[in-house]
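Below is one structure, written out as C-alpha cells, with a few remarks after it.
This structure is a prediction, so every number in the text was calculated from the model and none was measured. Chain letters run A, B, ... following the sequence lines, proteins first and then strands; every chain starts at 1.
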There are 2 protein chains.
Amino acid sequence: MNKQSDKKTRTKERLLEATLCLISEKGYLGATTREIAARAGVTEITLFRHFGSKERLFEEVLKKYTFLPRLKEIIPRVKDSPPEEALSEMALRFIETLKERKGMVKIMLSEMNVYPDKIRKVYEKFIEELVKTLSGYFDTLRDRGTIRDIDTYLASRAFLGMVFCYFQAEEITKSRTITRKEAERVVREFVDIFLKGIVG
Amino acid sequence: MNKQSDKKTRTKERLLEATLCLISEKGYLGATTREIAARAGVTEITLFRHFGSKERLFEEVLKKYTFLPRLKEIIPRVKDSPPEEALSEMALRFIETLKERKGMVKIMLSEMNVYPDKIRKVYEKFIEELVKTLSGYFDTLRDRGTIRDIDTYLASRAFLGMVFCYFQAEEITKSRTITRKEAERVVREFVDIFLKGIVG
DNA sequence: AATTTATGTTAGCATGCACTTACTATATTA
DNA sequence: TAATATAGTAAGTGCATGCTAACATAAATT
C-alpha cells in the first residue's frame with residue numbers, strides 16, 4: 001500500500017499545482033476543470049474523483065499554498081542585527097517569497113473580491129499577522145531607544161506597503177521580473193528613507 | 001432630435017454604471033449581460049443594441065471611468081505649500097479619489113491579469129504617470145535644498161506605495177470604509193515617517 | 001490467482017451563457 | 001398623419017461548462 005498511495009498523492013499534487021497555475025492566469029471562472037486536468041496530465045474525471053467539485057479543489061489550493069508561515073519565520077532570524085541590515089534582509093526575503101508564491105498572490109488579489117468568504121479571511125489574517133510581527137520588532141527597537149516614539153503599527157504598515165506595492169507594480173501589473181540587484185538597490189533606498197526620512 | 005437622444009444617452013450611462021458596478025463585484029466573467037441589463041433597468045437586447053458585445057461594453061467602461069486625470073490635478077494645486085502640508089493634502093486626496101473610484105480600482109486589480117491588453121496598459125500608464133508627477137515635485141524640493149539627495153523616483157514610489165497599500169488593505173481587502181478622521185491620522189503618521197524617518 | 005486501487009475512455013446530461021430573430025409599443029419628429 | 005428612433009417581449013440558437021454514468025485497464029496488494 002505504498003506505491004499506490006504515492007501515485008495518488010502525486011496526481012493530487014499535480015492537480016493542485018495546475019489549479020494554482022491556471023486560476024492565477026485566468027481567474028476562478030476562467031479556469032475550466034477540463035483544462036486543469038489536461039495541464040495536470042490527467043483526465044477530467046480523475047479531478048472530480050479526487051476533489052468532488054471545483055470549489056473544493058479551489059479551497060484545497062488555498063490551504064496548500066498559504067505562505068504566511070514562510071514570511072513570519074524571516075523576522076526572528078534577523079531581529080538582532082542592526083536595524084538597517086535587519087530591515088533590508090526582511091524586505092529582500094519578503095520580495096523573494098512573494099516572487100516564489102506569485103501565483104498565490106495573484107489569486108488573492110484578483111479573486112478576493114469575488115469569493116469573499118474563502119479568500120478574504122485568508123488574506124486579512126495574512127496581512128494582520130504580518131504587520132503585527134513587524135510592529136513587534138519595532139516595539140523592541142523603541143524600547144531599546146533605537147528609534148523614536150512612533151506608532152509602530154502604522155510604521156509597520158508603511159514599510160510593508162512600500163515594499164509590497166513595489167512588488168505588485170513590477171511583477172504583477174507590469175509582469176516584469178525583479179532581479180536580485182534591482183531588489184537590493186530599491187530596498188536600500190526604501191530602508192534609507194524609512195529610517196532617516198527624506199528631509200535633509 | 002433632442003429628447004430621443006437624451007433617452008438614449010441615459011440608457012447608455014445606466015448600462016455603463018451597472019457594468020462597472022457588477023464587474024467590480026463579480027469579475028468580468030461573473031457579471032452576466034442579463035444581470036447588467038436588469039440592474040440598469042433595461043432588457044438584455046437593449047444592451048446589445050447599444051454596445052454590440054460584452055467585450056465592447058467592457059472597453060467603454062474602462063474608457064469612461066479612468067481616474068488618472070483626477071489624480072494628476074492634485075499635485076500642482078498644493079506644490080507651493082510646506083512639504084508636510086503638501087504631502088498630507090496629496091495623500092488625503094489620493095485616498096479620496098481611490099474611494100470614489102473604488103469600483104474601477106477593483107476591476108483593475110482583479111481583471112488585469114486576465115485581460116492584459118485591455119487593462120494592463122491603462123494601469124501601467126496610470127502608475128508611471130502618477131509616480132513621475134510626484135517625483136517631479138520631489139525634484140523641485142531637492143533643487144531648493146528642502147530635502148536631501150535621494151532617488152526621487154523611488155521616493156515617490158515609496159510614498160505612493162504606503163498610501164495605496166493602506167487603501168487597498170482597508171477598503172478592498174477588508175471591505176471597510178476609511179473615515180476622514182482615520183485617513184488624517186494615518187496620513188499624518190505616514191508623512192511624519194516619510195519626512196523624518198523613524199530613527200530618533 | 002484474485003482483489004483492490006488509481007486511472008482512463010467515451011459519451012452525455014443539464015445548465016447557463018453570449019447573442020439573435022422577429023415582431024410590438026411608444027414617443028418624438030417632420 | 002406618416003415616418004423615425006428607441007426600447008420591449010418572447011422565444012430560441014449554439015456553445016461551453018461543471019459534473020456524472022458505465023465500462024475498461026493496468027498495476028499493486030493480498
**OP:** Could you identify which residues of residues 18-32 of chain A place a heavy atom less than 4.0 Å from some atom of DNA chain C, listed by residue number, or say none?
**Re:** none

Original post:
Which whole-number value in Å describes the distance from B/Leu15 CG to D/dG8 P?
Top reply: 9 Å

**OP:** Using the ring pair (Phe, Tyr, Trp, His ring centres under 6.0 Å) rule, pick out the option among B/Phe190, B/Phe194, B/Tyr153, B/Tyr166 that qualifies with B/Phe159.
**Re:** B/Phe194

**OP:** Indicate whether OP1 or OP2 belonging to C/dC19 is found under 4.0 Å from a side-chain N or O atom of B/Thr33.
**Re:** no

Original post:
Is the cationic atom of A/Lys72 (NZ for Lys, CZ for Arg) positioned less than 6.0 Å from the six-membered ring centroid of A/Phe67 and within 45 degrees of its normal?
Top reply: no

Original post:
Do you know which of B/Ile107, B/Val61, B/Leu62 makes side chain to side chain contact (heavy atoms under 4.5 Å, CB included) with B/Ile23?
Top reply: B/Ile107

Original post:
Atom CZ of A/Arg10 and atom C1' of D/dA27: how far apart are they, to the nearest Å?
Top reply: 13 Å

Original post:
Looking at B/Glu17, B/Glu13, B/Met104, which hits side chain to side chain contact (heavy atoms under 4.5 Å, CB included) with B/Lys64?
Top reply: B/Glu13

Subject >> B/Phe51 six-ring face occupied by B/Lys12 cation (under 6.0 Å, within 45°) >> reply: yes

**OP:** Write down the distance between CD (B/Glu13) and P (D/dA7), rounded to a whole number of angstrom.
**Re:** 12 Å

Original post:
Can we say B/Asp80 and B/Arg144 salt-bridge, meaning some charged N sits less than 4.0 Å from an Asp/Glu carboxylate O?
Top reply: yes

Original post:
Rounding to a whole Å, what distance do you find between A/Asp6:CG and C/dT5:P?
Top reply: 16 Å

Original post:
What residues in residues 34-44 of chain A put a non-hydrogen atom under 4.0 Å from any atom of DNA chain D?
Top reply: A/Arg34, A/Glu44

Original post:
Taking the six-membered ring of B/Tyr137, is NZ or CZ of B/Lys132 closer than 6.0 Å to its centre and within 45° of its axis?
Top reply: no

Original post:
Is the closest side-chain heavy-atom distance between A/Val163 and A/Val187 below 4.5 Å?
Top reply: no

Original post:
Do NZ/NE/NH1/NH2 and the carboxylate oxygens of B/Glu184 and B/Arg180 come within less than 4.0 Å?
Top reply: yes

Subject >> Sorted by number, the residues of residues 45-54 of chain B with heavy-atom contact under 4.0 Å to DNA chain C >> reply: B/Ile45, B/Phe48, B/Ser53, B/Lys54

**OP:** Please confirm whether B/Lys54 makes a cation-pi placement over B/Tyr28, using NZ or CZ under 6.0 Å from the six-membered ring centre and within 45° of the ring normal.
**Re:** yes

Original post:
Between B/Arg93 and B/Glu89, is there a salt bridge with N-O shorter than 4.0 Å?
Top reply: yes

